[in-house]
Amino acid sequence: CELDSRAANRELATSIGGEVRLAGQAVINTAPWSRKRSLGAELDEWLELGLNAFRVFPLWNGVDLGGAQMSEVLKLLAEKKLPLWIDYDSLWYNFSQLGQHEQRSINIGQINSLAKEYSDLPIVLVGANWNHHTALFQLLDEAPSVMVDSSLMQGFEAISYICSNWNRAV
């Protein structure tokens, strides 16, 4: 049940219960797969339940951002101009994975392609480390709809640099 984000999203919405000071963030996960499953219908349900932020963990959940299932979600989010928060890597590690976060990251080229294909989709990248900055800065040059979450940003004066050059740290 750990991979079934549907149950977790519904429980989160119920727990928040319309509290205006809490922003519910639904996790989008393509697992478990089913021909009858519609991520677009699920997105509509989550919006009705009051969840208005959406996050995906491509490496942790094995989500293919360029896959057919995700295209439905990306189109809907772009139409509604709702941001998609995309994690560079998993925020949780077991002991065998320690240190791997410095080598692993989302495919920046794929993010650039998504930003061009869905130009109305605000994309927020979460968890960028100092070793990702070169690729990240090039992406910010090329994709105006891409922003960086500053809460997990690592690197000496990286946030100041991003703000002074692109003004897209959130």
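Side chains are part of it too, since the values below use all heavy atoms of this structure and drop only hydrogens, waters and symmetry mates.
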Minimum heavy-atom separation for [X] and [Y], please, with both atom names.
X	Y	result
Thr30	Arg37	O-NH1, 3.2 Å
Pro58	Asp87	CD-O, 3.5 Å
Leu139	Ile108	CB-CG2, 4.0 Å
Leu43	Val73	CD2-O, 4.4 Å
Phe54	Gln25	N-CG, 4.1 Å
Leu82	Pro122	O-CD, 3.7 Å

ask   = Under 30°, 30 to 60°, or over 60°: which ring-plane class applies to Trp166 and Tyr161, parallel, tilted or perpendicular?
value =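 Plane angle over 60°, so perpendicular.
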Starting at [atom1] of [X], measure out to [atom2] of [Y] and round the result to the nearest 0.5 Å.
X	Y	atom1	atom2	value
Asn29	Glu42	CG	CD	9.5 Å
Leu65	Ile123	CG	CD1	8.5 Å
Leu136	Ile111	CG	CD1	11.0 Å
Lys81	Leu121	NZ	CG	10.0 Å
Asn107	Ser113	CG	OG	8.0 Å
Met70	Leu114	CE	CG	8.0 Å

### Query
Could you go step by step and tell me if Asn52 and Lys80 meet the side chain to side chain contact (heavy atoms under 4.5 Å, CB included) rule?
CA-CA 10 Å; Asn52 55 11; Lys80 298 175 186 296; over 6 Å; no
>> Using the rule given for side chain to side chain contact (heavy atoms under 4.5 Å, CB included), can you reason through Leu51 versus Leu12, listing the C-alpha separation, both sets of side-chain angles and the distance that settles it, and then say yes or no?
In response: CA-CA 8 Å; Leu51 302 176; Leu12 175 64; 4.0 Å; yes
- [ ] Using side-chain contact (heavy atoms from CB on, under 4.5 Å) as the criterion, list what pairs up with Glu45, not counting sequence neighbours.
- [x]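 side-chain contact (heavy atoms from CB on, under 4.5 Å) check on Glu45 returns Arg10, Leu49.
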Flag yes if more than 12 heavy atoms outside Gln110 fall under 6.0 Å of its CD atom; otherwise flag no.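 Yes.
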Exercise. Take atom CD of Glu11 as the centre, draw a 6.0 Å sphere, and report whether it contains more than 12 heavy atoms from other residues, nucleotides or ligands.
Key: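 12 or below, so no.
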- Is a side-chain N or O of Asp149 found less than 3.5 angstrom from the main chain of Gly127, in a donor-acceptor match?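 No; judged by distance alone, with no hydrogens or angles, the pair does not exist.
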Partner set under side-chain hydrogen bond (donor to acceptor under 3.5 Å, both in side chains) for Glu117, not counting sequence neighbours: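 So Glu117 forms no side-chain hydrogen bond (donor to acceptor under 3.5 Å, both in side chains) with any residue.
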